[in-house]
Amino acid sequence: MTTIDSKFADFEGLRIEYDDRVLAPRPWTAAQSRWAAELIRSAPPGPVLELCAGAGHIGLLAVTLAPRPLVCVDADAAACSYLRRNAALAGVPVDAREGRMDEALSPDEEFAVIIADPPWVPTADVHRFPADPVTAIDGGTDGLDLAHACLEVIDAHLVMAGSAVLQVGPRQADRFAELVRAYDELEVVDVREFESGTLVRVDRVVASVA
């Protein structure tokens, strides 16, 4: 991988390498890492999964704070290359998988905690962020296409009593909660708003019996 244009960011003590093909680490997203680490410490047995992992900083920080095996998935080859490099720099073993999130996992794989960082900018608004790679921020017509795809994976691979922490955009939490209600065993249990985005915790719960 050519690194001549590489940049480095300090992400809560982790040295993260990336370039203009990959979304730059946002300092506020360390809150997602810390929240995930809290959940990992009390979660059922099992590894951690990060979807739309990019350069890998959010998942890497989470398992640095609360060690567990980590699987990361991203569809972009450049992102996966930096993810592997950043994992090596952090001394964290990572199973990095390049491909669509619905194809990168085996049907029988289960995870105790899932971290998801999907693009959430509506397609019509991506021009407002010229410094960011379009594929890393374009979330479809309403900004929630990839978040919905993450929910499909969460529904298929999150263990009972496991938790997921997802990023969505500012003011997208209510619409995202509507998507979650379509899944019988998934439930939004907490929402944390930030100026630059929103974090939503989704748990797998026992379906109620009518």
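- Scanning for salt bridge (Lys or Arg N to Asp or Glu O under 4.0 Å) contacts around Glu103 gives Arg100, with sequence neighbours left out.
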**Request:** Apply the test side-chain contact (heavy atoms from CB on, under 4.5 Å) to residues Gln167 and Ile58: give CA-CA distance (whole Å), side-chain angles for both, the deciding distance (0.1 Å), then the verdict.
**Result:** CA-CA 11 Å; Gln167 279 186 40; Ile58 296 174; 3.4 Å; yes

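- Scored by the side chain to side chain contact (heavy atoms under 4.5 Å, CB included) test, Ala31 finds Arg34, Phe194, Leu199 as partners (sequence neighbours excluded).
- For Asp145, the side chain to side chain contact (heavy atoms under 4.5 Å, CB included) partners at least two apart in sequence or on another chain are Asp142.
- Not counting sequence neighbours, the partners of Asp203 by the salt bridge (Lys or Arg N to Asp or Glu O under 4.0 Å) test are Arg201.
- Within a 6.0 Å sphere centred on CZ of Arg175, heavy atoms belonging to other residues, nucleotides or ligands number more than 12.
- Here salt bridge (charged side-chain N to carboxylate O under 4.0 Å, His left out) pairs that include residues 152-167, with residues two or more places apart or in two chains, are Asp155-Arg204.
- Remark: Asp138 engages no residue in a salt bridge (Lys or Arg N to Asp or Glu O under 4.0 Å) (not counting sequence neighbours).
- Between atom CD of residue Gln32 and atom CG of residue Leu166 there is a gap of 7.5 Å, rounded to the nearest 0.5 Å.
- Distance alone, capped at 3.5 Å, places no donor-acceptor pair between the Arg15 side chain and the Gly13 backbone.
- Considering CD of Gln172 and CH2 of Trp120, their distance stands at 7.0 Å, rounded to 0.5 Å.
- Atom-to-atom distance recorded for Cys150:SG and Leu49:CG is 9.0 Å, nearest 0.5 angstrom.
- In this structure, CG in Leu83 is found 9.0 Å from CD1 in Ile16, a value given to the nearest 0.5 Å.
- Residue Asp125 qualifies as enclosed at atom CG: its count of foreign heavy atoms under 6.0 Å is above 12.
- Under a 3.5 Å cut-off, the side chain of Glu12 and the backbone N or O of Ala30 do not form any donor-acceptor pair.
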Side-chain donor-acceptor pairs of residues 66-74 under 3.5 Å, sequence neighbours excluded:
unit_1: Arg68; atom_1: NH1; unit_2: Pro44; atom_2: O; d: 2.6
unit_1: Arg68; atom_1: NH1; unit_2: Gly46; atom_2: O; d: 2.8
unit_1: Arg68; atom_1: NH2; unit_2: Ile40; atom_2: O; d: 2.8
unit_1: Arg68; atom_1: NH2; unit_2: Ala43; atom_2: O; d: 2.9
unit_1: Arg68; atom_1: NH2; unit_2: Pro44; atom_2: O; d: 3.4
unit_1: Asp74; atom_1: OD1; unit_2: Asp76; atom_2: N; d: 2.9
unit_1: Asp74; atom_1: OD2; unit_2: Ala53; atom_2: N; d: 3.3
unit_1: Asp74; atom_1: OD2; unit_2: Gly54; atom_2: N; d: 2.8

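- Annotation: ring pair (Phe, Tyr, Trp, His ring centres under 6.0 Å) contacts involving residues 42-81, sequence neighbours excluded, comprise Phe11-His57.
- Once rounded to the nearest 0.5 Å, the distance linking OG of Ser196 with CZ of Arg26 reads 8.5 Å.
- In this structure, Asn86 and Leu14 have side chains that are not in contact, with every pair of non-hydrogen atoms separated by 4.5 Å or more.
- With sequence neighbours left out, the side chain to side chain contact (heavy atoms under 4.5 Å, CB included) criterion links Ala77 to Glu98.
- Among residue pairs with one or both ends in residues 107-124, those qualifying as salt bridge (charged side-chain N to carboxylate O under 4.0 Å, His left out) are Arg97-Glu109; sequence neighbours excluded.
- Residues satisfying the ring-ring contact (aromatic ring centres under 6.0 Å, His included) criterion with Phe176, sequence neighbours excluded, are absent altogether.
- No continuous path of ILVMFWY side-chain contacts below 4.5 Å connects Val48 to Phe111, so the two sit in separate hydrophobic clusters.
- Atom OG1 of Thr123 sits about 9.5 Å away from atom CD1 of Ile137, to the nearest 0.5 Å.
- One hydrophobic cluster, built from ILVMFWY side chains closer than 4.5 Å, cannot hold both Val113 and Met101; they sit in different ones.
- The residue from Asp190, Leu39, Ile114 that alone fulfils the side-chain contact (heavy atoms from CB on, under 4.5 Å) condition with Val165 is Leu39.
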**Request:** Quick one: do Leu144 and Val168 satisfy side-chain contact (heavy atoms from CB on, under 4.5 Å)? Show the steps, please.
**Result:** CA-CA 8 Å; Leu144 292 175; Val168 295; 4.1 Å; yes

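- Leu60 and Leu51 fall into different hydrophobic clusters, where Ile, Leu, Val, Met, Phe, Trp and Tyr side chains are chained together by heavy-atom contacts under 4.5 Å.
- By the rule that hydrophobic residues join a cluster once side-chain heavy atoms approach within less than 4.5 Å of another member, Val22 and Val94 end up as members of separate clusters.
- Side-chain contact check for Leu65 versus Glu38: every heavy-atom pair is 4.5 Å or farther apart.
- For the residue pair Asp19 and Tyr82, a side-chain donor N or O sits within less than 3.5 Å of a side-chain acceptor on the partner.
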**Prompt:** Checking side-chain contact (heavy atoms from CB on, under 4.5 Å) for the pair Asp20/Lys7: CA distance, chi angles, key distance, verdict?
**Reply:** CA-CA 8 Å; Asp20 289 339; Lys7 305 174 185 179; 2.6 Å; yes

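- Residues Ile115 and Val63 share a single hydrophobic cluster, defined by chaining ILVMFWY side chains whose heavy atoms lie under 4.5 Å apart.
- Under the rule for a side chain to side chain contact (heavy atoms under 4.5 Å, CB included), the partners of Arg181 that lie at least two apart in sequence or sit in another chain are Ala177, Glu178.
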